[in-house]
J.: 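Just passing along the structure, written as structure tokens.
Whatever order the structure lists ligands and atoms in, that order sets their numbers, starting from 1. Quick note: residue numbers are just sequence positions, from 1.
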Amino acid sequence: MQQIEEYKKEITAYSSTDEKSVEEFRIKYLGTKGIVKAIMGEMKNVPNDRKKEFGQVLNEFKTFTEQKFESLKSQATDHQQSGSEIDLTLPGDPVPLGSRHPVTLMKNRIISIYQRLGFAVAEGPEIEDDWHNFTALNLPEHHPARDMQDTFYIQQNPDWLLRTHTSNTQIREMEKGKLPIRVICPGRVYRNETVSARSHCFFHQVEGLYIDENVSFADLKQTLYFFVKEMYGEDVKVRFRPSYFPFTEPSAEMDVSCFICGGKGCRICKYSGWVEILGCGMVHPNVLENCKIDSDKYTGFAFGMGIERPALIKYDINDIRLFSENDVRFLRQFTSAV
Ligand code: 2NL
């Protein structure tokens with residue numbers, strides 16, 4: 001009994017927690033030739049009337065020793081985890097990075113140029129009613145764009161359709177009744193066209209709208225000059241050609257001197273030296289009145305441009321369908337593109 005008390009003191013005092021010492025503890029006290037086993041062997045020499053008492057003390061000693069061993073062992077593993085054996089300066093596991101879509105890259109470039117001129121970004125629904133996509137925009141009843149051949153209609157409700165331009169969002173901005181307005185509207189639009197390498201039934205565009213007192217065609221030209229300089233550099237030339245849109249009057253199309261060949265003639269400009277980049281004009285008074293804006297007091301300009309075509313040219317992509325196939329071999333090529 002006295003011997004057991006001595007061992008208990010010794011065990012309590014044991015404090016080395018390195019792996020080797022803990023193993024030594026196990027062998028010394030709990031091993032097959034260890035102290036606990038040895039004392040158990042003493043049972044046969046204990047007189048019968050004291051066997052019960054001694055048995056209890058022995059069991060308690062065994063549990064005590066095992067608990068100490070478990071405690072030493074867990075301290076040893078804790079020690080290992082927080083200790084020098086793990087090199088915290090090693091680089092972590094790599095996290096796979098995605099990349100921005102080329103259409104998004106081009107969209108962001110366009111947006112950021114107009115934002116510097118004070119344009120805010122507005123977004124609107126892709127499923128739209130006839131009013132916001134056509135009627136409010138002075139698009140006459142018989143206009144071919146309204147034809148089933150050109151527009152996707154929603155079956156449940158003939159008044160609903162997939163927007164054919166982001167002008168719907170500008171109409172919604174005008175209807176809010178807060179002037180002046182200076183917004184750009186990027187987004188996806190839909191047209192019922194045969195899908196090919198050059199055209200798709202959905203694509204993206206950015207439209208712009210500026211309405212205030214005394215906004216003139218000169219403001220429109222200067223805004224677009226700034227855009228072209230920022231987008232294609234100081235050296236590109238610009239030309240306006242008269243055009244027609246039901247929602248603008250007068251209307252124009254803007255070309256830039258070919259930024260690929262510098263105007264000498266190449267595949268991109270079809271050997272003309274010019275590339276068409278957008279349509280624009282002064283907002284038609286009927287459109288202003290449709291949105292309850294006084295067309296005697298306010299004037300404005302608007303413009304619209306596609307995103308896919310400039311993206312195809314910039315990144316030298318030969319098929320518009322690649323944009324929507326989600327082939328990672330294609331998308332990964334834009335990991336470090338800007
Ligand atoms: C093009 C031509 C254009 C507009 C879009 C517009 C919007 C409102 C009122 C008047 Cl709410 N106009 N947008 C004006 C002229 C041209 O887009 O070729 N787009 C790809």
J.: Partners of S71 by side-chain contact (heavy atoms from CB on, under 4.5 Å), sequence neighbours excluded?
T.: Q75
J.: Hey, is K178 close enough to E173 for a salt bridge, meaning N to O under 4.0 Å?
T.: no
J.: Is there a side-chain contact between F217 and P250, using heavy atoms and a 4.5 Å cut-off?
T.: yes
J.: Considering non-hydrogen atoms only, spot the tightest contact between A337 and Y315 and give its length.
T.: CB-CE2, 4.1 Å
J.: Which other residues end up in the same hydrophobic cluster as L58, if Ile, Leu, Val, Met, Phe, Trp and Tyr are linked when side-chain heavy atoms come under 4.5 Å apart?
T.: M1, I4, Y7, I11, Y14, V22, F25, Y29, L30, I35, V36, I39, M40, M43, V46, F54, V57, F61, F64, F69, L72
J.: For ligand 1, what N or O to protein N or O distances fall under 3.5 Å?
T.:
from     : atom 1 : to   : atom 2 : distance (Å)
ligand 1 : 13 (N) : E207 : OE1    : 2.9
ligand 1 : 19 (N) : G304 : O      : 3.3

J.: Under 3.5 Å, sequence neighbours excluded: what are the donor-acceptor pairs made by side chains of residues 179-186?
T.:
from : atom 1 : to   : atom 2 : distance (Å)
R182 : NE     : G118 : O      : 3.2

